[in-house]
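Below: the structure, in structure tokens.
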Protein chains: 2
Amino acid sequence: MTIKELAQELNMSTTTVSRVLTGQEKKYRISPKTALRVRDGARKHKFEPNQIARNLRLQETNTIGLIIPDISNPFFANLARTVEIELRRRDKMILLCDTKDETSLEKESLHLLLGRKVDGLLVAPVGKKYDHFIKDSKVPVVLIDRYFKDQTIPFVTTDNYQGAYSATKFLIQKGHQNITCIQGLGHTSVNENRILGYRKAMEDHKISNFIRISGAGYSIQNGYESTRELLQKRNRPTAIFALNNQIALGAMKAVKEAGLHIPGDVSLIAFDEQPYFELLSPALTAIQQPMQDIGKVAVETLFKLMTGETVKNQMLKPNFIERESVKSIES
Amino acid sequence: MTIKELAQELNMSTTTVSRVLTGQEKKYRISPKTALRVRDGARKHKFEPNQIARNLRLQETNTIGLIIPDISNPFFANLARTVEIELRRRDKMILLCDTKDETSLEKESLHLLLGRKVDGLLVAPVGKKYDHFIKDSKVPVVLIDRYFKDQTIPFVTTDNYQGAYSATKFLIQKGHQNITCIQGLGHTSVNENRILGYRKAMEDHKISNFIRISGAGYSIQNGYESTRELLQKRNRPTAIFALNNQIALGAMKAVKEAGLHIPGDVSLIAFDEQPYFELLSPALTAIQQPMQDIGKVAVETLFKLMTGETVKNQMLKPNFIERESVKSIES
DNA sequence: TATATTTGCACAATCGATTGTGCAAATTTT
DNA sequence: AAAATTTGCACAATCGATTGTGCAAATATA
């Protein structure tokens, strides 16, 4: 049923119906009696206004595009959940795009979402090339997790540098020197900052000669394969720093398959925290990101942007959780 | 830029521009020369047609609503990913709703999505009351995972009955009798069928006196609390059958905290498989659902529905993965 | 009673696309 | 050369809402 049909049914103009249903009765002096008739009629016929038509007319869709690299990665799944909750509270919906960490898909997603006239965009970008971001679309964008150093697009992320620094420092203080990092996607700010933190900690403790960075990709498989290679080396590291939860998982699997043990043969720290980490054997020492906060702050920032307020970038503090996956080495 | 502006720029009618850009030049006899001019102009001005306007006019949105109970549950996150991939291949996008397993939110989501005129709906329903599904909306719906026995809405799910039966049978054959089920949401088809399978296996082996069903909710917390209670009982079960991955996680946590061991003190089987299950201590014996297939088949089914084809319900076979969390009991 | 003001609602344009139909101009057929 | 076809494109309606403005009728004021 359309507003026109409803109006005919009630024997009045669409104007009046529309004004009542959008709560503008006072503003346009619709009499209480008429307003009541409209409401009753709408209820009776279960009239639901066509949002597409509203969107076209009002030039807003109440829809936010959410672009993330991998919804099956629990980090992003949790993020998506928080974002969903926050957006629903504000009467917005999510158009979801998963880029599989491929720039081409990200580009495509961006186009599709802009074509659909989303009111705002929340993006955890792949990060490689971002020409497609600069576009002249005036749609507000907030970057999540990953950002671009040389762009002014506002972002919300964890302080990855500090998280990585403290994790590395922790390893060093436990007596480790031969510490290898298994990285995610090399060109992402997240990865760069974690590497930077790792590097700085190594340098600060005069063991920069041990700096080694391995792998590529935020996947279980990368963690697995990189670790396999590492374990075969003559100069096998005494500790591995996995730059996200999936890599850590792959690393554990490889160690287990090699018949070795954590932390006996090799220590492990993971960036990211997951509920099952405490149940692994050994329980995984990890750097926890404030996922809820990231989602919440990102949505808040986006809304500020949409209402024209000025916003500032946010770097939220991570939390170090010590468990059992790091061995203390006597020197 | 709108099609009108582009048409003015090119000094021709919007009709012509539209027809060229939608590839109908031959059908409407637009001369090649004109077509070329249109394409060049569109490219030059980076014209992107307003999808909202198209949607209104064409009465289709190329958008599918995806309603799931919990995107942070890896089962649904994986499902979402498969669905995303399959839909993108077909040039559709996802409007995502997370119901938190609350009927009220499900109802709201349904309304919102119908108001936005989605072309189809993929729903893993909460399951409690489904009046809101029967509505006269002619939008094609396919149920995923959970379905309604007394409704004709097509569904795609795992054969939960069989999965639960074989898991229970496995426990029994390992010598267990005192087997307790920790369930999810009691009113969901998924839960009912798993319970049914469990029950039947117990009955078939003449130990229906041991049938016990505990808990409520597909959450880590439910698994945790239910298990804590179970462990304190005098007649503590020798085996626990956790009806999803989150419950299993909570159960493991409770067992660990109680200072007990799996499978030494109590055996555990989980419905659902997760990548980290093999890395837990002990590695978790589990029933694996064909998640990829579920998503794929669900999308296929929805598209058949949308094109008016007849569809049939699908029950996909689960896969039993034996690991180390079940102890063999000598009798 | 005549005029001014307020009340209550409807007309018609608009958002940006798509499309049935009509009508000249160009071309072909007789 | 006249008639019939074909070619190439534009007019205007349409999708379903929202909204600036206008205009009677009702009421208040002079």
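Residue numbers begin at 1 in each chain, while the letters A, B, ... track the order of the sequences.
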Would you indicate, yes or no, if [N] has its OP1 or OP2 atom less than 4.0 angstrom from a side-chain nitrogen or oxygen of [X]?
X       : N      : result
B:Gln24 : C:dT18 : no
B:Thr34 : D:dC9  : yes
B:Ser13 : D:dC11 : no
A:Gln59 : C:dT14 : no
B:Thr2  : C:dG16 : no

For [X] and [N], give me the distance from atom [atom1] to atom [atom2], rounded to whole Å.
X       : N      : atom1 : atom2 : answer
A:Ile30 : D:dT18 : CD1   : P     : 13 Å
B:Asn55 : D:dT14 : CG    : C1'   : 15 Å
A:Gln8  : D:dG16 : CD    : P     : 12 Å
B:Asn50 : C:dC15 : CG    : P     : 12 Å
A:Lys33 : D:dA26 : NZ    : P     : 12 Å
B:Leu6  : C:dT18 : CG    : C1'   : 15 Å
A:Leu21 : D:dA17 : CG    : P     : 10 Å
A:Lys4  : D:dT18 : NZ    : P     : 15 Å

Any donor-acceptor pair under 3.5 Å between the side chain of [X] and the base of [N]?
X       : N      : result
B:Ser18 : C:dT18 : no
A:Thr15 : C:dC11 : yes
B:Arg19 : C:dG20 : yes

Looking at [X] and [Y], does any basic side-chain N land under 4.0 Å from a carboxylate oxygen?
X        : Y        : result
B:Arg89  : B:Glu86  : yes
B:Asp40  : B:Arg37  : no
A:Lys149 : A:Glu192 : yes

Quick check: on DNA chain D, is the nucleotide nearest B:Thr16 upstream (toward 5') of the one nearest A:Arg29, or the reverse? Name the residue that is more 5'.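 Comparing both residues, the 5'-ward one is B:Thr16.
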Please determine if A:Arg146 forms a cation-pi arrangement with A:Phe155, meaning its NZ or CZ atom is less than 6.0 Å from the six-membered ring centre and no more than 45° off the ring axis.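 The answer is no, since A:Arg146 fails at least one limit relative to A:Phe155.
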Sugar-phosphate, base or nothing in reach of A:Gln51, heavy atoms under 4.0 Å: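 Contact class for A:Gln51: none.
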What contact category does A:Arg57 fall into here, base, sugar-phosphate, or nothing, at under 4.0 angstrom with non-hydrogen atoms?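 It contacts base atoms.
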Under 3.5 Å, is there a donor-acceptor pair linking the side chains of B:Thr99 and B:Glu106?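 Side-chain D/A pair, B:Thr99 to B:Glu106: absent.
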Closest nucleotide of DNA chain C for B:Phe47 versus for B:Tyr28: which of these residues is on the 5' side?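 Mapping each residue to its closest nucleotide by heavy atoms, the 5'-most match is B:Phe47.
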